[in-house]
Each structure stands twice: as C-alpha cells, then as structure tokens.
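Read the structure below first, then the notes.
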Amino acid sequence: MTQPSNIAHAVSSWGAFFKAWIASPREVGAACPSSPGLARRMAAFAPVTASGLIVELGAGTGVVTRALLQSGVSPQRIVPVERSPEMAAVLKHRFPHLTVIQGDACQLAELLKPRLHEGSVAVDAVVSSLPLRSLPGSVVEAIMEQLRMLLGADGKYIQFTYDLRPNTPCPLKGFARIASKIAWWNIPPARVDLFEHRTPQV
C-alpha cells in the first residue's frame with residue numbers, strides 16, 4: 001500500500017516540475033519527468049567502482065539520482081545539480097544524505113570547488129538530463145567548456161536525447177560517442193548516449 005508521505009512527495013515533485021516547466025519550458029525541455037526506465041539506462045553507463053564524483057546536471061525531481069543510488073554508486077560520489085530553486089528544494093528533501101547544489105551548469109567548476117578539494121578529488125562522470133537541443137548555442141558551448149575543464153582523459157559524459165536517428169554526428173567537441181541505448185518505453189522514446197572525453201595528444 002502506498003504511504004501518504006510517498007504520495008505527498010510525488011505530488012510535490014510534479015508540482016515543482018510543472019512550475020519550472022511553465023516558467024521556462026526551453027530549459028526544462030520535456031513535458032513530464034524522465035521515466036524510471038530511462039533513468040536506469042542512464043545509470044547503467046555510470047562508473048560504479050571508481051572513486052571520483054558523478055555529477056548529475058538537471059537533476060529535476062530525482063528520478064536519475066535514485067537510479068544512480070540503486071545501481072550501487074556510493075552516495076558520497078553523487079552530486080545533483082539543479083538550476084530551479086523549487087526542484088532543488090525537492091531534491092534536498094528527498095535525498096537529505098546527498099550534497100545537492102542549486103545553480104547554473106555554466107558555472108559548474110565554481111559550484112564544485114568545495115567538493116574537489118584542490119585537485120584531490122576528480123570528476124569521473126557527468127550525467128546530464130539537460131535539453132541541449134533546445135538551449136541557445138552559447139549556453140551549450142559554455143556547459144561543454146565546463147565539462148572539458150572538469151573531466152580528465154577518458155572521463156564519461158552521459159546524455160539522453162529524443163533524436164533516435166542512428167549514426168548522428170557527435171555534437172560535442174572533444175568527446176567521442178562510444179555507446180548508445182534506446183529507452184523505447186519512455187514517453188517519448190529516448191536515446192542515451194555515452195561519450196568519452198578525448199584530450200588532445202601532445
């Protein structure tokens with residue numbers, strides 16, 4: 001039987017999601033939160049046994065956050081980042097044991113400074129639910145520059161898209177697509193891409 005507290009949390013999550021969507025639909029990019037199936041596809045690409053941080057961009061209502069935890073990623077490694085104050089508040093309530101950051105991915109390196117401890121902690125992967133195709137090009141490039149700064153050689157970048165066309169060119173300069181999976185049961189269906197950071201050879 002569903003507990004009243006779970007129902008209240010679900011209502012709160014959807015309320016925060018739709019409030020953010022109405023305020024800025026281009027930044028949210030979808031008419032409903034990602035499905036648990038899509039979240040599991042994304043979490044399956046995250047490195048479970050590494051020691052560095054896994055940063056989640058556009059954490060929203062926490063569907064992917066929960067999938068990362070269920071996949072076996074240590075809570076100490078997961079850093080959800082959410083721009084919407086309302087959804088960040090939902091995340092902090094739902095995952096009080098995680099360090100949730102409310103802020104803009106364009107300033108990601110600055111936001112993560114307290115967690116990186118002057119280089120003693122690395123970022124192993126970035127898991128993104130940001131709607132890159134609906135954001136201005138200058139914003140996308142600013143976010144990608146942050147990823148190039150934070151991810152070392154072979155660092156992983158996980159992104160989903162509603163563009164299911166096979167063999168589309170890699171849109172990320174400095175990253176190579178190394179795997180893809182489609183979540184057909186998501187509404188609408190979505191493809192999850194795994195990219196690897198390729199630093200220039202000296």
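Index from 1, following the sequence. Values reported hereafter were calculated over all heavy atoms of this structure, with side chains retained and with hydrogens, waters and symmetry mates removed.
- Residues Ile78 and Pro80 share a closest heavy-atom pair of O-CD, 3.6 Å.
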inquiry  = As a quick check of understanding, evaluate side chain to side chain contact (heavy atoms under 4.5 Å, CB included) for Leu130 and Val140, giving each step before the final call.
reply    = CA-CA 10 Å; Leu130 297 177; Val140 174; over 6 Å; no
Determine all donor-acceptor pairs shorter than 3.5 Å in which one atom belongs to a side chain in residues 47-58; sequence neighbours excluded.
unit_1: Glu56; atom_1: OE1; unit_2: Thr65; atom_2: OG1; d: 2.5
unit_1: Glu56; atom_1: OE2; unit_2: Thr65; atom_2: OG1; d: 3.4

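- Checked by atom type and distance alone, the side chain of Asn186 pairs as donor or acceptor with a backbone atom of Ser35 at under 3.5 Å.
- In terms of the side chain to side chain donor-acceptor pair (under 3.5 Å) criterion, residue partners of Lys156 (sequence neighbours excluded) are, by chain and number, Glu196.
- From Leu38, atom CG reaches atom CD1 of Ile182 across 11.5 Å, with rounding to the nearest 0.5 Å.
- By the side chain to side chain donor-acceptor pair (under 3.5 Å) test, Gln146 pairs with no residue at all, sequence neighbours left out.
- Closest of all the heavy-atom pairs between Leu164 and Thr161 is CD2-O, 4.4 Å.
- Smallest separation of non-hydrogen atoms from Phe160 and Ala190: CD1-CB, 3.9 Å.
- Under the salt bridge (Lys or Arg N to Asp or Glu O under 4.0 Å) criterion, Arg148 pairs with Glu141, Glu145, sequence neighbours left out.
- Of the possible donor and acceptor atoms, one in the side chain of Arg94 sits under 3.5 Å from a partner among the backbone N and O of Thr61.
- Checked by atom type and distance alone, the side chain of Glu82 never pairs as donor or acceptor with a backbone atom of Ala89 at under 3.5 Å.
- Applying the salt bridge (Lys or Arg N to Asp or Glu O under 4.0 Å) test to Arg40 and every residue at least two apart in sequence or in another chain returns nothing.
- The CE atom of Met149 lies 13.5 Å from the CE atom of Met144; values are rounded to the nearest 0.5 Å.
- Val64 and Tyr162 fall within a single hydrophobic cluster, where Ile, Leu, Val, Met, Phe, Trp and Tyr side chains are chained together by heavy-atom contacts under 4.5 Å.
- A distance of 7.0 Å separates CE in Met42 from CD1 in Ile158, rounded to the nearest 0.5 Å.
- The side-chain heavy atoms of Leu147 and Leu108, taken from C-beta on, include a pair separated by under 4.5 Å.
- To the nearest 0.5 Å, the span separating OG on Ser84 from CG on Leu91 amounts to 9.0 Å.
- Within the model, atoms CZ of Arg66 and CG of Leu69 stand 7.5 Å from one another, a figure rounded to the nearest 0.5 Å.
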request  = Verify side chain to side chain contact (heavy atoms under 4.5 Å, CB included) between Phe45 and Ile178, making sure each step is shown before the conclusion.
outcome  = CA-CA 11 Å; Phe45 281 141; Ile178 59 175; over 6 Å; no
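- In terms of heavy atoms, Ala46 sits closest to Leu68 at CB-CD2, 3.7 Å.
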Just list the side-chain donor-acceptor pairs under 3.5 Å for residues 95-106, sequence neighbours left out, or say none.
unit_1: Gln102; atom_1: NE2; unit_2: Arg83; atom_2: O; d: 2.6
unit_1: Asp104; atom_1: OD1; unit_2: Cys106; atom_2: N; d: 2.9

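- Taking all atoms of both residues into account, the shortest heavy-atom contact from Arg41 to Val192 is CB-CG2, 3.8 Å.
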